[in-house]
2 protein chains.
Amino acid sequence: MRSEDIAKLAGVSRSTVSRVMNNYPNVPEETHRKVMKVIEQYRYEPNTSARVLAGKGTNTIGLFVVSIADRQSSNRIYQNNYFAPFVDAIVDTANSLGYYVLIHTVYTQEDFAKVRQAFLQRRIDGGIIVGTQTNIAMVREIAGLQAPFILIDYDVSEITDNQLDQNYMSIINTDDYAGAKEAVAHLISLGHREIAMIAGRANTYSGRQRFQAYVDTLQAHDIPFKESYVLTGEFLKQKAYDEVKRLIRNGERPTAIFSANDDMAIAAMEALREEGLHVPDDVSIIGFDDVPVADQLAPRLTSVRLPLYEMSKEAVHTVTAMCERRQVAFHTVQFPTKLMIRESCKEL
Amino acid sequence: MRSEDIAKLAGVSRSTVSRVMNNYPNVPEETHRKVMKVIEQYRYEPNTSARVLAGKGTNTIGLFVVSIADRQSSNRIYQNNYFAPFVDAIVDTANSLGYYVLIHTVYTQEDFAKVRQAFLQRRIDGGIIVGTQTNIAMVREIAGLQAPFILIDYDVSEITDNQLDQNYMSIINTDDYAGAKEAVAHLISLGHREIAMIAGRANTYSGRQRFQAYVDTLQAHDIPFKESYVLTGEFLKQKAYDEVKRLIRNGERPTAIFSANDDMAIAAMEALREEGLHVPDDVSIIGFDDVPVADQLAPRLTSVRLPLYEMSKEAVHTVTAMCERRQVAFHTVQFPTKLMIRESCKEL
DNA sequence: TTGAAAGCGCTAACAA
DNA sequence: TTGTTAGCGCTTTCAA
């Protein structure tokens, strides 16, 4: 069924059908009703490709999830404790605004070609990129596409320093620094001074911020920084697990561990258990992200909550506003975190 | 940059550019190279809408997640322990086959209009629907769209009984009956005879199969069926929690509970704990789905594993094959389940 | 208020 | 082997 068919059935021209479909004001109510009746009767839906080709938007946004896990890893699909709620919230919000969401996962540098393609092939009006590792070349390229996009978790200063075209870009972050500071300060307030950290990837903004806050907060409380207490977890369960095992077997005995994300904290708990150490009696642990399961573990994990839903909503609202030219200025938001105190930390 | 621009730069016609882009055989290597060079230099990507309008496929499949949770529920996004791996696996598989995925969540009857729209507007070449509740009218309507689609978890006999057009349809299930039977038999083999069940929704195929297997297996072992032992959990955490509390407060004391999914099993564990009952010492529990967290709980949850990744792969391969006319026949597959024995069940 | 017609960027049948 | 040309189904300008 094409607009021409509807036009014939309603006794009008294709133009009028189009005007009705697009709610143009210069259609008398009578005509509108007449055409609408046929449209509904035949459940006519205009062909998206045709309307896009004729100049309309796609009403679709791209969601690109840059994953740190291997494509090969067979349990990769179980590693997205962090991303799933994002995807969920973004899809929902977009849907509720009448947008479709084209989703693509990115594992390799070559996969990035796919995000460029999606824009260049005009499959989407705008995009949201989550999980980006520092990659100014990539960001510059996307910025050059002149299509609206949002980066979630990216260093704003890197954009400004490199004088990128900011007209189509926005950045949404959480206040990772403040969140991490609060977490470490919490441990210190419980009497801990031997605090190890399982660090995230240094090539992500959040990874760097959380680590820097750890360093600074120790210093602010006159606690010496120990190199051996810094574990490189890279945000990966397995890495964290191995590092914690190594730490313990080296005879190190921190009384507390601050983990840059919950997945690693969970892996750490497992490693500690296997080494005969009890959480929180022997070692206190704080995670980051407050993934859904944090509250279902034994002991329930103390963690820094990120307002993922609000962030996703903001991302979708911003990108669609940009798509519709309702908003043009470069814009960055930083959402506050919240320390969720549960059972995994003990006062010394 | 349009194909015409490329044509000019390469000194050929648009047709030749098109032939190169589509890997037509009748282009001499020389010409191919010449054109390719310009294409790569300018990073030309053909406009998707134009090629679709000219008769090509969209290279996009729709993924429709029919959710049982409320759109309103603030913690809805945390309720998708089951769907997240599906989405993940489907997106990945599709991406690896060169397909994009358009994802949409469906909460209400009206939302179903969106899946029809996606097809009718020709946004997608085919679709996968997961989480469908029995809704023969809906299935009939989609079948009438003459576009390939896959139903995951749907009663095959309902399709055949209703004589639906099967030319564009396939169904992928797990052997829920066998899985549930194995789970209940496991409890019985541990000496349990007082076995309650938290049932899923009766309007889903898996919900019905799991329940029927419970009934049949009890009977096969001469264990009387007790109406009061059937809790209506509807696959929802909250419902299950409330029902378990009610059961216990009514003074009922089953020694084991078989739950139709893990989310409800987790809720049950919480409810039992609050009632002062210990798992597995006082009550044994088996879940279904084997969600990622099942292995991280305390005690680690015994559960029936579904091969989600394989199912997703199969779904994507089938739907793309149908889109490309490589496969046309109606086709249904049933994947085997596997009982993962962990710590939540005790021998009496 | 409405219709005719041009054009969006591509593919494919046809002709050369 | 290559180019010309006619659509694909819509929106929108222009003219009536």
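Order of the sequence lines sets the chain letters (A, B, ...), proteins ahead of strands, with each chain counted from 1.
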Rounded to the nearest Å, what distance is computed from the CG atom of residue A:N26 to the C1' atom of nucleotide D:dT12? 11 Å

Just by distance, with hydrogens left out, do A:D92 and B:Y107 show a side-chain donor and acceptor under 3.5 Å apart? yes

Could you please name the option among C:dG7, D:dT4, D:dC8 that lies closest to any side-chain atom of B:S13? D:dT4

Measure from the side chain of A:V27, starting at C-beta and using heavy atoms only, and say which of D:dT12, C:dC10, C:dT2 lies closest. C:dT2

Would you mind reading off the distance between A:I6 atom CD1 and C:dT2 atom C1', rounded to a whole angstrom? 18 Å

What is the distance, rounded to the nearest whole Å, between atom CZ of B:R19 and atom P of C:dC10? 15 Å

Using a heavy-atom cut-off of 4.0 Å across all strands, would you classify A:V52 as base, sugar-phosphate, or nothing? nothing

Looking at every strand, decide which applies to B:T31 at a 4.0 Å heavy-atom threshold: base, sugar-phosphate, or nothing. sugar-phosphate

Taking any heavy-atom pair under 4.0 Å as a contact, classify B:S15: base, sugar-phosphate, or nothing. base

Whether B:Y44 contacts C:dG9 is assessed here as follows: a side-chain N or O lying under 4.0 Å from the phosphate OP1 or OP2. Is that the case? no

Taking everything shown except A:E29 itself, do over 12 heavy atoms lie less than 6.0 Å from its CD? no

Would you check if there is a donor-acceptor pair between the side chains of A:R123 and B:T60 at a distance under 3.5 Å? yes

Name the nucleic acid region contacted by A:N47, choosing base, sugar-phosphate or nothing; use a 4.0 angstrom heavy-atom cut-off, strictly under. sugar-phosphate

Nearest of C:dT2, D:dG9, D:dT11 to any side-chain atom of A:A50? D:dG9

Presence of B:K56 side-chain N/O under 4.0 Å of C:dA12 phosphate oxygens OP1/OP2: yes

Select one nucleotide: of C:dA12, C:dG9, C:dG3, the one nearest the side-chain heavy atoms of B:Y24. C:dA12

Taking atom C1' of C:dG9 as reference, at what distance in whole Å does atom CG of B:N22 sit? 13 Å

Between P of C:dT2 and CD of A:E29, the distance in whole Å: 13 Å

OP1 or OP2 of D:dC10 under 4.0 Å from side-chain N/O of A:S3: yes

Tell me the interatomic distance from B:R14, atom CZ, to C:dC10, atom P, rounded to whole angstroms. 8 Å

Quickly work out the B:H32 NE2 to D:dT2 C1' distance and round it to whole Å. 15 Å

Between the side chain of A:T318 and the main-chain N/O of A:E314, is any donor-acceptor distance below 3.5 Å? yes

Using heavy-atom distances to pick each residue's nearest nucleotide on DNA chain D, tell me which of B:T16 and B:L53 is more 5'. B:T16

If the plane angle is over 60° it's perpendicular, under 30° parallel, otherwise tilted; pick one for A:F119 and A:F64. tilted

Rounded to whole Å, the NZ-P distance (B:K8 to D:dT4) equals 12 Å

